[in-house]
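As the structure is a prediction and not an experimental result, all values here were calculated from the model. Start at 1 and go down the list; that is how both ligands and their atoms are numbered. Below, all heavy atoms of this structure are taken into account, side chains as well, without hydrogens, waters or symmetry copies.
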Amino acid sequence: MNPDIIIAGGGIGGAAAGYFLSRHFRVLLLEQESMAGYHASGRSASIFTANYGSDIVSALARSSRAFLDAPPPDFVSTPLLGPLGVVTVCGPGQEDLFADALRLARARVPDLQHAGAAFACTRLPFLRPERIADSFFEPGAADIDTDALHQGYLRGIAAAGGRVAFDARIVAVGRSGGAWRVRTAKGMQAEAPLFVNAAGPWADMVAGLAGLAPLGLEPRRRTAILVALPAAVEARALPMVTLADDTLYARPSGGALMASPADATPSPPCDAQPEEYDVAVAIDRLSQVTTLKPERVLRKWAGLRTFHPDGNPVLGEDAGAPGFFWLAGQGGAGIKTSPALGMLLASAVRREAPPPILAGIDGAALAPRR
Ligand SMILES: Cc1cc2nc3c(=O)[nH]c(=O)nc-3n(C[C@H](O)[C@H](O)[C@H](O)COP(=O)(O)OP(=O)(O)OC[C@H]3O[C@@H](n4cnc5c(N)ncnc54)[C@H](O)[C@@H]3O)c2cc1C
């Protein structure tokens, strides 16, 4: 094929970028692994909440909601969002921290409910009542069918005449004659006037292949475990619960409970694996706030969440390299913000104003060399 644009990375970021770009350009997406979602995008908690991250991240999530609620008819055959809700709880002595968290959440979630301790303990019957002093509830927080979303994006690229290639690790990127030329480890060569760096934790390394300075992106490892629930607890009726001090969150997953100690350990880009210490911390914290006996871990995993030093995603053309665009640094919000980021990137590449739903997003705050 003779692509207009080459995308490095087939995680949710590269897939969403490819989906929205493929309406206007012939897209070639190159992914180093043999499947989509092998790294962060297949290891997330799959939660949609408007009450997460910086104000820009929250705005990107809210702007993504319309797409997630009602994607185009040919995108998926099942809903992308399922009911969940998030209860944020604090313990005795954490009233000040809770008041700050509540103020911020109210500014972002119009239907937020200040719900109290009893509400939390009723909805999550395994919480230890003596450890819960107060709670607030975000009823619209939802479970994302991440796999369906990811596959929908990739199918859309192919349907528009683009190509997604797996086992295609880019090892060389250069520019000559107004084109970006890439070579993969297996010898595939391609060139296009436009290039998108959506390589997740490897984004700074891919930029380095093109001779560009790194942005200082930092991958941070986050651990998750899956533990069994008592037979009397109906998993499907549970909301997610998160501690206001950001030391633990848990959500129903299948018939079990996924929990994370909310760790954020700096890591080089790699196939992240869970450390026993972080698994033990998750079990310990779960034991402290719940009556669950989580010694038997059904599954454990880790993934890398990649951050720009200021915590906002990176999106736009590199000031020093015409036609080289970035979509990286989505941190812990890359699934729920993927529609907005994909649309924004397509607007940036086309040098057009973003669609009205994204008009409030300050593009300068996302610029790579900001
Ligand atoms: C435990 C955990 C919980 C999370 N929970 C949530 C959540 O609830 N909600 C939410 O919205 N987000 C969540 N996230 C964050 C979310 O998963 C990430 O923000 C998102 O997946 C980032 O997508 P990405 O495409 O940038 O990265 P990745 O999924 O890492 O994709 C980057 C891709 O680039 C490929 N690549 C790299 N270098 C090359 C190369 N040279 N050539 C070709 N391909 C290359 C890699 O193989 C990889 O597939 C969570 C993350 C973790 C780890």
Does Arg106 have any salt bridge (charged side-chain N to carboxylate O under 4.0 Å, His left out) partners at least two apart in sequence or in another chain, and if so, which?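 With neighbours one apart ignored, the set is empty.
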Can you list everything that forms a salt bridge (charged side-chain N to carboxylate O under 4.0 Å, His left out) with Arg236? Sequence neighbours excluded, please.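 So Arg236 forms a salt bridge (charged side-chain N to carboxylate O under 4.0 Å, His left out) with Glu234.
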State whether Phe75 and Arg155 meet the cation-pi test: NZ (Lys) or CZ (Arg) under 6.0 Å from the six-membered ring centroid, and within 45° of the perpendicular axis.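 Because its charged atom misses either the 6.0 Å distance or the 45° angle limit, Arg155 does not stack over Phe75.
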In a table with atom names and distances, give each donor-acceptor pair under 3.5 Å that connects a side chain of residues 298-306 to protein atoms at least two apart or in another chain.
{"residue": "Lys300", "atom": "NZ", "partner": "Glu276", "partner atom": "OE2", "Å": "2.6"}
{"residue": "Trp301", "atom": "NE1", "partner": "Arg43", "partner atom": "O", "Å": "2.9"}
{"residue": "Arg305", "atom": "NH2", "partner": "Tyr52", "partner atom": "OH", "Å": "2.9"}

What do the steps show when you test Ser34 against Asp167 for side chain to side chain donor-acceptor pair (under 3.5 Å), and what is the final call? CA-CA 5 Å; Ser34 58; Asp167 287 318; 4.5 Å; no
List, pair by pair, the atoms of ligand 1 and of the protein that are both N or O and lie under 3.5 Å apart, giving the separation rounded to 0.1 Å.
{"residue": "ligand 1", "atom": "5 (N)", "partner": "Ala45", "partner atom": "N", "Å": "3.0"}
{"residue": "ligand 1", "atom": "8 (O)", "partner": "Ser46", "partner atom": "N", "Å": "3.3"}
{"residue": "ligand 1", "atom": "8 (O)", "partner": "Ile47", "partner atom": "N", "Å": "2.9"}
{"residue": "ligand 1", "atom": "9 (N)", "partner": "Ile47", "partner atom": "O", "Å": "3.2"}
{"residue": "ligand 1", "atom": "9 (N)", "partner": "Lys336", "partner atom": "NZ", "Å": "3.4"}
{"residue": "ligand 1", "atom": "11 (O)", "partner": "Ala333", "partner atom": "O", "Å": "3.4"}
{"residue": "ligand 1", "atom": "11 (O)", "partner": "Ile335", "partner atom": "N", "Å": "3.0"}
{"residue": "ligand 1", "atom": "11 (O)", "partner": "Lys336", "partner atom": "N", "Å": "2.8"}
{"residue": "ligand 1", "atom": "12 (N)", "partner": "Gly332", "partner atom": "O", "Å": "3.1"}
{"residue": "ligand 1", "atom": "17 (O)", "partner": "Ala40", "partner atom": "O", "Å": "3.2"}
{"residue": "ligand 1", "atom": "19 (O)", "partner": "Gly331", "partner atom": "O", "Å": "2.8"}
{"residue": "ligand 1", "atom": "19 (O)", "partner": "Gly334", "partner atom": "N", "Å": "2.9"}
{"residue": "ligand 1", "atom": "21 (O)", "partner": "Ser41", "partner atom": "N", "Å": "3.2"}
{"residue": "ligand 1", "atom": "21 (O)", "partner": "Ser41", "partner atom": "OG", "Å": "2.9"}
{"residue": "ligand 1", "atom": "23 (O)", "partner": "Ser41", "partner atom": "OG", "Å": "3.3"}
{"residue": "ligand 1", "atom": "25 (O)", "partner": "Ile12", "partner atom": "N", "Å": "3.2"}
{"residue": "ligand 1", "atom": "25 (O)", "partner": "Gly13", "partner atom": "N", "Å": "3.0"}
{"residue": "ligand 1", "atom": "26 (O)", "partner": "Gln330", "partner atom": "OE1", "Å": "3.2"}
{"residue": "ligand 1", "atom": "26 (O)", "partner": "Gln330", "partner atom": "NE2", "Å": "3.2"}
{"residue": "ligand 1", "atom": "29 (O)", "partner": "Ser41", "partner atom": "N", "Å": "2.9"}
{"residue": "ligand 1", "atom": "29 (O)", "partner": "Ser41", "partner atom": "OG", "Å": "2.6"}
{"residue": "ligand 1", "atom": "41 (N)", "partner": "Ile170", "partner atom": "O", "Å": "3.1"}
{"residue": "ligand 1", "atom": "42 (N)", "partner": "Ile170", "partner atom": "N", "Å": "2.9"}
{"residue": "ligand 1", "atom": "44 (N)", "partner": "Gln32", "partner atom": "N", "Å": "3.1"}
{"residue": "ligand 1", "atom": "47 (O)", "partner": "Glu31", "partner atom": "OE2", "Å": "2.6"}
{"residue": "ligand 1", "atom": "47 (O)", "partner": "Gln32", "partner atom": "NE2", "Å": "2.9"}
{"residue": "ligand 1", "atom": "49 (O)", "partner": "Glu31", "partner atom": "OE1", "Å": "2.7"}
{"residue": "ligand 1", "atom": "49 (O)", "partner": "Glu31", "partner atom": "OE2", "Å": "3.1"}

Any carboxylate oxygen within less than 4.0 angstrom of a Lys/Arg side-chain nitrogen, looking at Arg370 and Asp310?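 Yes, charged N to carboxylate O under 4.0 Å.
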